[in-house]
Peer 1: 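Here it is: the structure, laid out below.
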Amino acid sequence: MIGLIILVSFIGIVIIAFASIIQKKLADSIILFMGVGLGSVILFFVFKAPDVALTEAVIGAGISSLTFLMALKHLGVKG
Amino acid sequence: MSLKRELPTSTISGFALSGILVLTILNILLHNIPHPVTTAGDKLLKLNASEGVANAVTTVVVYFRGFDTLGEIAVLFIASLGIGLMLHSNTQCEIKTDSNFMLKTASKILFPIIILFGIYVMIYGHLSPGGGFQGGVIIASGVLLLLISDRSFEVPHAMIVALETFAGVSYVLIGLIGLLVLDKFLGNFLSPDISDMGLLFSGGIIPIIYIIVGIKVGSEMSLIVQNLIKRDENV
Amino acid sequence: MFEFLNQPEVIKIIVTVCSMALFFIGLFGLLTQKHLIKIFISIAIMEVSLFLLFIGLTFKKDFIAPILTNGQTTFSNMNDPVPHAMILTAIVIGMAVLALGVSFAIEYYKLTGRTNIDEMTEMRH
C-alpha cells in the first residue's frame, strides 16, 4: 500500500513539474509550482518525517509562493 | 573578444536528458551494496535519552548540532539585509483599491488566532512536531494576512528590529554562559532531569534556545514580507 | 495485488529514479528557458528533488517517526533523525536565497525594463 502511494505521488510530481516549465504564461507556471510543493508535503508525510513536512508546508505554501507572486506583480506581466 | 556564436542549448539539454538513462542504470547497480549496520543516527538516538527531550529531531538541531543552527541564522540575517537594501523605500506604494469593511474586520479577528497557534507550535517544539522555524514562519504568515487585506497597515519597524537584535544577541550569550560553566560552547548548563520527559518544563536550555530561534526567524520573515509587498512604484 | 511494490529495494529504486528525473527536468528548464523568473522556478524544482532523494533513501518501512508519542517510552525502532534535521535547515536557507535572487530580478527590471536573458548584453565587450 505504501509503495503504491509513493509511486503515484512521484509520477504526479514529475508530470506537474514538467508542465510547469513548458507553460507560456508566467502565472500558470507559478501555480503549477505550488502543486509541486503540495505533492512533496504528501511524500514527506508518507516517509514518516513530520517536522520536515510541517516546514515544507508552511514555507512552500506561504513564503516561496508569495515571493514569486510578488515578482509577477512588480514585473507588470499581464497574464 | 565576443563570442562568435551562441552555445547550442538544445544540444546541451539533449545531453542532460540522456544522462537520466546512464545515471539510473548506475544507481540501480549501486543498490546491491549492503547497508552499514550502525549509523551516526543510531548513536545519537541512544544519547538522546539522557537529555530528557521527547522529540529527537529537536535535540539534533539545537543541541548536538547547535553550531550549524547558529550559522543558518547568520545566513538568514544576511539574506534579509540584502532584501531590505534592494527593495526598501521611504515612500510606500499605495494599493489602488481599498478593501471591503467585512474583509478588514474578519482579518483582524483571525490575526490573534494565527499568532496564538504560531506561539503554541514554537513552545511545544520539544514534545511534538514543530519548533522554532515552523512557529516563526506561521507568525510571519499572520502578518502577511493583515498586510494584504488592509492597505493602511504597517509593521512597527522599531519594535521588530529590537526583538530581532535581542534574540540574536541572547543566542550567543547563552552559548558563552555554557562555555563558562561547563567548558563547552552551547552546553546544557541547566542539568535536565530524565524523569521529566514529556512535561513542558524539561530538557534544560533546549526549549529556551528554540524559542529564541523562533522569535528571530519570525521577525525576519515579517520584514522580508513587508519589503516584498510594499514598494514604491514611481522610483 | 500490488504487494511487490512494498519491498525496500523496489521503494529505493522508485525514489532514486523519480528524484533524478525531477532533477533533470529542473536542469532542462534552467538551460532552455528565456524568462528570468522561470529560471528561478527551475532552481527551486531542483532543490525539491534533492530533499526528496535525501529523505527517501533513509526511509525504513516498519519503523516510526523519531518522536515519543502514543505510549512509546524508549528510543528504539525509529527512523534516523539526522537527515531530518539537515533538510529542515536546508529548506529555510533555500527559500531565503531564492527571495534574495528574485529581489535582484525585480530591481534589474525597474532599472532597464528587460526580463529576457537574450537581451541582457551589458557585459559583452
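Chain letters run A, B, ... following the sequence lines, proteins first and then strands; every chain starts at 1. Model, not experiment: these values are computed from the prediction.
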Peer 1: Can you establish whether the number of heavy atoms outside B/Phe166 located under 6.0 Å from its atom CZ is more than 12?
Peer 2: no

Peer 1: Who in residues 125-139 of chain B is close to chain C, using a strict under-4.5 Å heavy-atom cut-off?
Peer 2: B/Leu127, B/Ser128, B/Pro129, B/Phe133, B/Gln134

Peer 1: Above 12 or not: heavy atoms from other molecules or residues under 6.0 Å from OH of C/Tyr108?
Peer 2: yes

Peer 1: C/Pro81 and side-chain contact (heavy atoms from CB on, under 4.5 Å): which partner among B/Val60, B/Thr59, B/Val61?
Peer 2: B/Val60

Peer 1: Do any pairs count as a side-chain hydrogen bond (donor to acceptor under 3.5 Å, both in side chains) and have a residue in residues 50-67 of chain C, sequence neighbours left out, and if so which ones?
Peer 2: none

Peer 1: Applying ring-ring contact (aromatic ring centres under 6.0 Å, His included), name anything that partners B/Tyr120, two or more places apart in sequence or on another chain.
Peer 2: B/Tyr124

Peer 1: Is chain B contacted by the side chain of C/Leu31, its backbone, both, or neither, given a heavy-atom distance below 4.5 Å?
Peer 2: both

Peer 1: For each of B/Ser80, B/Ala79, B/Ala54, tally heavy-atom pairs with chain C at distances under 4.5 Å, and name the one with the top tally.
Peer 2: B/Ala54

Peer 1: By a 4.5 Å heavy-atom criterion (distance strictly below it), what part of C/Phe104 contacts chain B: side chain, backbone, both, or neither?
Peer 2: both

Peer 1: Go through the steps to decide whether B/Arg65 and C/Val82 satisfy the test side-chain contact (heavy atoms from CB on, under 4.5 Å), and finish with yes or no.
Peer 2: CA-CA 9 Å; B/Arg65 289 183 171 236; C/Val82 175; 4.2 Å; yes

Peer 1: Rounded to the nearest 0.5 Å, what separation is found between the CD1 atom of B/Ile83 and the OG atom of C/Ser103?
Peer 2: 5.0 Å

Peer 1: Enter the distance from C/Leu68:CG to B/Asn55:CG here, rounded to the nearest 0.5 Å.
Peer 2: 8.5 Å

Peer 1: Chain B contacts: which residues in residues 88-102 of chain C have a non-hydrogen atom closer than 4.5 Å to it?
Peer 2: C/Leu88, C/Thr89, C/Val92, C/Ile93, C/Met95, C/Ala96, C/Ala99, C/Leu100

